[in-house]
Structure formats: C-alpha cells, structure tokens
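Heads up: the structure comes next, in structure tokens.
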Amino acid sequence: MIPPRFDYTRPATLAEAVGILAADEDAKVLAGGQSLLPLLRFRLASPTSVVDLGAIAGLRGVADEGGHVRVGALTTHYEVVNDPLIAAHCGLLAQATRTVADPAVRHRGTIGGSMAHADPAGDLPAVALALAAEFLVTGPGGDRSVPAAEFFVDYLTTALEPGEVLTAIRIPKLDGWSFHYEKFSRTAQAWAIVGVAAAVRRVNGDITEARVGLTNMGTTPVRADSVESACRGIPAQADAIHEAARSADAEADPPSDLSAQADYRRHLARVLTGRALARAAGS
Amino acid sequence: MPNIRVTVDGVRYDDQVEARNLLVHYLREQLGKVGTPIGCDTSNCGACTVLLDGLSAKSCSVLAVQADGHDITTIEGLAADGRWHPLQRAFHEHHALQCGYCTPGMILAAIDLLRENPDPSDEEIREGLEGNLCRCTGYANIVAAVRAAAAEIRAAAAAPAPRASADPVPSAAAAAPSVEATP
Ligand SMILES: Cc1cc2nc3c(=O)[nH]c(=O)nc-3n(C[C@H](O)[C@H](O)[C@H](O)COP(=O)(O)OP(=O)(O)OC[C@H]3O[C@@H](n4cnc5c(N)ncnc54)[C@H](O)[C@@H]3O)c2cc1C
Ligand code: FES
Ligand code: FES
C-alpha cells in the first residue's frame, strides 16, 4: 500500500530535529526506514510528519573512546558488521548483527533504529543488555544517558521521551572475553523465536564471569541473572555449562504466539543458552 | 512537494515527488521503469531490489525523497554495449527463472553478493540471497546461475578481452520481467 500523507523534513542539525519533534508529538523519526516504512505501508502508523535524521552529521560511525566503543545511532547494520573497532572490542554485536534480516535490509537499517524500535524479537537489544551498553539521548531538555537495563521499558516502548533522539550507543569493551549469539528461527531472513547473546571470561579453564541476554523471552530483552551467577567459577566445560543454563528462563516471561508457546520458549531458552555459553567458552 | 535529483541507470533526473512516495513507485510510475516489480507489503520478498550507491536496497522500503542525491541501478541498467550482464545471461542459460517475477531482485542482490565475495560457495550464495524469495523456480538453478556467472566474471577479470560469444540483447525490454507487476 501507499503510505498515508505526511510532511517530510530532513534537518541538517540535531537541534533542528529535536525542535520539530518537540513541537509535534505525532512526528516520527526516520532512520533506515526498515521498520518504519513497512508500518507506514500497512498504515499501522500515521505520523503527521516524518523527520529524516539522514542529513545530520555526527550520528554515523564508530569511535574508540578508551574503555568503550561509541556507535552512532545512524550506523547501519552493514557498517557494524564490517567495522574493525567493533570486531576488535564488541565482536558479539557484530555477530548478532550479521543475523539481522538480509543484506539489503542490513545496508539501510541502523543500530539506533533497532534499539528505538525495541521489538522484543529484535536481536540487538539483548546484546546491548548483556554488554551493559549505555544509550546517549538528546532532547528538548538537553543530553542524558540511559543504561541498557532502563532503556527497554515494554513491548515496542523505550525510555525515549517525546522529542528525544537516540544519538549513540556506548558499549564497554570486553577485551579478552569470548562470545556467541545463538539465534533460533525456522527460516532464513526470519526473526528470532528465541535468541541468546552470551559472553564469558575465562581464567585457567574456569569461567570467572558470564553475561547472558535473551531475545524474544518477554516484552523486553531479558538479562539472565541466575545463569550469570550459576556460571561464576564453574569449569568452562559443556556439562557444567549446560547444568548452569537450566535456570536460563528464571527471569523471563515469554509470550505465546504463532511461532511458539511460552513453555516451548522456556525450553528453547535453556537449551540455546547452554549452546551459546558452550560455544562462547569454546567447549 | 519535495524536489529530488537522482541518477537512475546512468541518467540524471530532476523531479518533484510526494513525500510518501516509495522509491519503487517513483521508478515505476514516474520514470516508467517497470522492470522493478513490487511483490509484497512487508519488505520481505526482495522483488523490488535495486542498487543504491552500489549497495542492494529494497526500493519499496526507501522513500523516493531519501534517494535524493543518490545513484540507483535497476535491472534495466545492467545490459551494456548491446550485451547482457553475465548474471542475466547465466539466469537465462541455467533456467533460473520461470515466471520471472523475482528475477530482477535476484540479479541485483546477486551483483551485491559478488561485489563482496567474487567466489561464493553454494551456502554463501543462499545466504547472500536470503532476502529474495522465489515462489516458482526453486533455488537450485538460481544458485547454479550465480555460481556460473561468478566464474565468468572472475575469468573476465583475469583476462580482460571481450567475449565474442556473448549474446546480444534481443530487445530493449529484454531485461524486464514478463509479467505485469501489481500496482
Ligand atoms: C524483512 C525484514 C526482516 C527483519 N529481520 C530482523 C531480524 O531478524 N532481527 C532484527 O533485529 N531486526 C530485523 N528487522 C528490523 C531491522 O533490524 C530494522 O533495521 C530495525 O528494526 C530498524 O532500524 P531502522 O534504522 O530501519 O529504523 P526505522 O525504521 O527508521 O525506525 C524504527 C523506529 O525507531 C524510531 N527511531 C529510529 N531511529 C531513531 C533514533 N535515532 N532516535 C529515536 N527514534 C528512532 C523510528 O521513529 C521508528 O519508530 C527486519 C526488517 C525487515 C524489513
Ligand atoms: S516489494 Fe520490496 S521487499 Fe517485497
Ligand atoms: S521465477 Fe517466479 S517467483 Fe521466482
């Protein structure tokens, strides 16, 4: 279908974008358009105005900021997958981004759009949560930073207030950790039925620290705290890891939908968490 | 209405477009480039794939205004010097199409794949084309066609003499699919 009518602006500065958004609560931000345009075509969204961030300098690209890597909100999935800084310091993000959609969607879709859209089936929010990323936001009231644990509020809902733009995501470097993103879906180019973002740190064959974020196990991404605790100090071996992963669904409240019932999702979360951690730990 | 300046298949256009117009609508309805079909409303099928500054993009998921200042290649811009692109020829020779509806998108997605990976395995071809659905040919011949075209392009790059045996383009509309796209 043809989208409904809207005004279109492509401001050159962030301040201008925030001004337009703050003055009109039915205005919508456009980044890569890979979620927004399908919504407009289905007429599930009918914004009065669409504010294209595409011309604003400084929202795109990856920078090394010492203890963390800063990824501009407008950085495309394609750029994330191919970026050497991300490969060196946030490999889990690159690996998960490689599973998003298909090459054409990855050329246009952005990391900021994926986070702001906050689809519980999206792959990147769980990664941001597991890596304890920080969300940098600019709005009418100025700049603020939101920890990942507070950014995802509900189904398709984030901590972004009206008029606010997500400008970047800061990801702490987990140098020396190993990681794996395990995605379960039935067909190519499909959303995750369940996904698991796992990272581990090992010393002398033992896991000293683990991070686990779950995709599509609730209305927001879920941090699997119980598994993280259960992993501390265990040998980096398959048996011990799968045992620890039995509590993977403890914090989750998974949905039942056409793809899977809640109990099946719980089963998947336990099995896939075991696999993701075992792959991450190289066992 | 916003003004846009775009280059499509090597030709510069200055046009007015409605903000809500999708790039695919602009290509088909304003420029008459009906070689790019629309196959879905969900951004899933890939039939509408074009190259935007050399990278594959689903033209149903880009606003025409977002293409302002950019370079677009559609299936209609691939044949050069009276000869089909090696991928067009390979799809023909390997029976990689039946109704042809998915073919323009498949070929442009395959060009993008070969740009990144000139010698892909069968699995890499399938992954590279995962955003393009074919509902009638099945994928085996499509994979074979891409493999064959990749080999031909690599051989041509190694020995850059023009191939005398290349098929001529039968008609200007040859690259367009044989069925009408839904509006
Ligand atoms: C066929 C298909 C398959 C897909 N499969 C997957 C998949 O497997 N996994 C997955 O994770 N995703 C998938 N996606 C979604 C994809 O990742 C999108 O790129 C992403 O969800 C949205 O990013 P975008 O830049 O295109 O955002 P847009 O579509 O431009 O925007 C999405 C939403 O976020 C808001 N927004 C965007 N940027 C900002 C910002 N900087 N500040 C404030 N608000 C903002 C917009 O207003 C809008 O509400 C798929 C999409 C398609 C079309
Ligand atoms: S028409 Fe564009 S993806 Fe189907
Ligand atoms: S040839 Fe008919 S859909 Fe692919």
Side-chain angles (χ1 to χ4, degrees), chain A residues 1-10 12 27-55 74 76-79 81-82 98-110 113 117 183 185-191, chain B residues 1-2 4 17-26 29 38 40-70 105-106 108-113 115-117 123-124 126-133 139 182-183:
Chain A
M1 273 202 297
I2 297 172
R5 285 203 171 77
F6 50 77
D7 292 331
Y8 171 87
T9 45
R10 185 164 35 192
K28 256 209 169 300
V29 165
L30 173 67
Q34 301 304 292
S35 294
L36 185 57
L37 290 190
L39 286 177
L40 291 173
R41 293 173 76 191
F42 278 120
R43 303 208 169 191
L44 291 172
S46 32
T48 48
S49 114
V50 165
V51 183
D52 185 348
L53 301 182
L74 244 54
T76 63
H77 300 319
Y78 175 70
E79 289 162 347
V81 165
N82 291 297
R98 210 171 285 126
T99 74
V100 169
D102 55 62
V105 171
R106 290 197 294 272
H107 287 148
R108 302 214 40 97
T110 67
H117 191 54
K183 176 168 176 171
S185 54
R186 285 189 308 114
T187 59
Q189 185 223 40
W191 296 79
Chain B
M1 287 204 292
I4 59 169
V17 294
E18 237 194 301
R20 62 176 176 157
N21 251 23
L22 304 173
L23 176 58
V24 70
H25 293 140
Y26 172 70
E29 285 157 31
I38 302 172
C40 74
D41 260 328
T42 54
S43 305
N44 276 96
C45 77
C48 64
T49 304
V50 297
L51 301 181
L52 192 52
D53 295 336
L55 301 182
S56 62
K58 296 179 178 182
S59 61
C60 72
S61 306
V62 180
L63 295 174
V65 281
Q66 287 180 288
D68 182 27
H70 296 281
M106 284 287 178
L108 286 150
I111 289 175
D112 187 79
L113 166 68
R115 169 186 62 78
E116 283 210 308
N117 181 357
E123 197 182 330
E124 287 166 337
R126 286 174 185 273
E127 275 176 12
L129 299 181
E130 72 176 320
N132 296 76
L133 306 180
Y139 297 96
T182 47

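For clarity, every value in this text was computed on a predicted model and none was experimentally measured. Residue numbers start from 1 in every chain, and the chains themselves are labelled A, B, ... in the order their sequence lines are given, proteins ahead of strands.
- Residue A:F42 touches chain B through its side chain alone, counting heavy-atom pairs closer than 4.5 Å.
- The side chain to side chain contact (heavy atoms under 4.5 Å, CB included) search around B:I111 returns B:L51, B:L78, B:H85, B:L87, B:I107, B:L108, not counting sequence neighbours.
- No part of B:N132 comes within reach of chain A, as not one of its non-hydrogen atoms sits under 4.5 angstrom from that chain.
- Heavy-atom contacts from other residues, nucleotides or ligands closer than 6.0 Å to CZ of B:R115 number more than 12.
- Proximity to chain A is limited to the side chain of B:L52, based on heavy atoms less than 4.5 angstrom apart.
- Across all their heavy atoms, B:S59 and B:C48 have their closest contact at OG-O, 2.6 Å.
- Heavy-atom distances place the backbone of B:C40, and not its side chain, under 4.5 Å from chain A.
- A distance of 10.0 Å separates OG of B:S61 from CD of B:Q66, quoted to the nearest 0.5 Å.
- The heavy-atom pair separating A:P103 from B:E130 by the smallest distance is CD-CG, 4.2 Å.
- Only the backbone of A:A101 comes within contact range of chain B, with heavy atoms under 4.5 Å apart.
- Proximity to chain A is limited to the side chain of B:E116, based on heavy atoms less than 4.5 angstrom apart.
- Between A:K28 and A:L40 there is no side-chain heavy-atom pair separated by less than 4.5 Å.
- If you take OH on A:Y78 and CZ on A:R98, they are separated by 12.5 Å, rounding to the nearest 0.5 Å.
- Among B:D112, B:N44, B:L129, B:V65, the residue with the largest count of heavy-atom pairs under 4.5 Å with chain A is B:V65.
- B:N21 CG to B:L63 CG: the interatomic distance, rounded to the nearest 0.5 Å, is 9.0 Å.
- Of the two parts of A:L30, only the side chain, counted from C-beta on, holds a non-hydrogen atom closer than 4.5 Å to a non-hydrogen atom of chain B.
- Both the backbone and the side chain of B:D41 come within less than 4.5 Å of a heavy atom in chain A.
- Across A:P4, A:A55, A:G32, the residue that shares the most heavy-atom pairs under 4.5 angstrom with chain B is A:P4.
- In the model, B:S56 has a side-chain atom that pairs as donor or acceptor with a side-chain atom of A:H107 under 3.5 Å.
- Both the backbone and the side chain of B:L55 come within less than 4.5 Å of a heavy atom in chain A.
- Only the side chain of A:R108 comes within less than 4.5 Å of a heavy atom in chain B; its backbone stays farther off.
- Looking at B:A57, both its backbone and its side chain come within 4.5 Å of chain A, counting heavy atoms on both sides.
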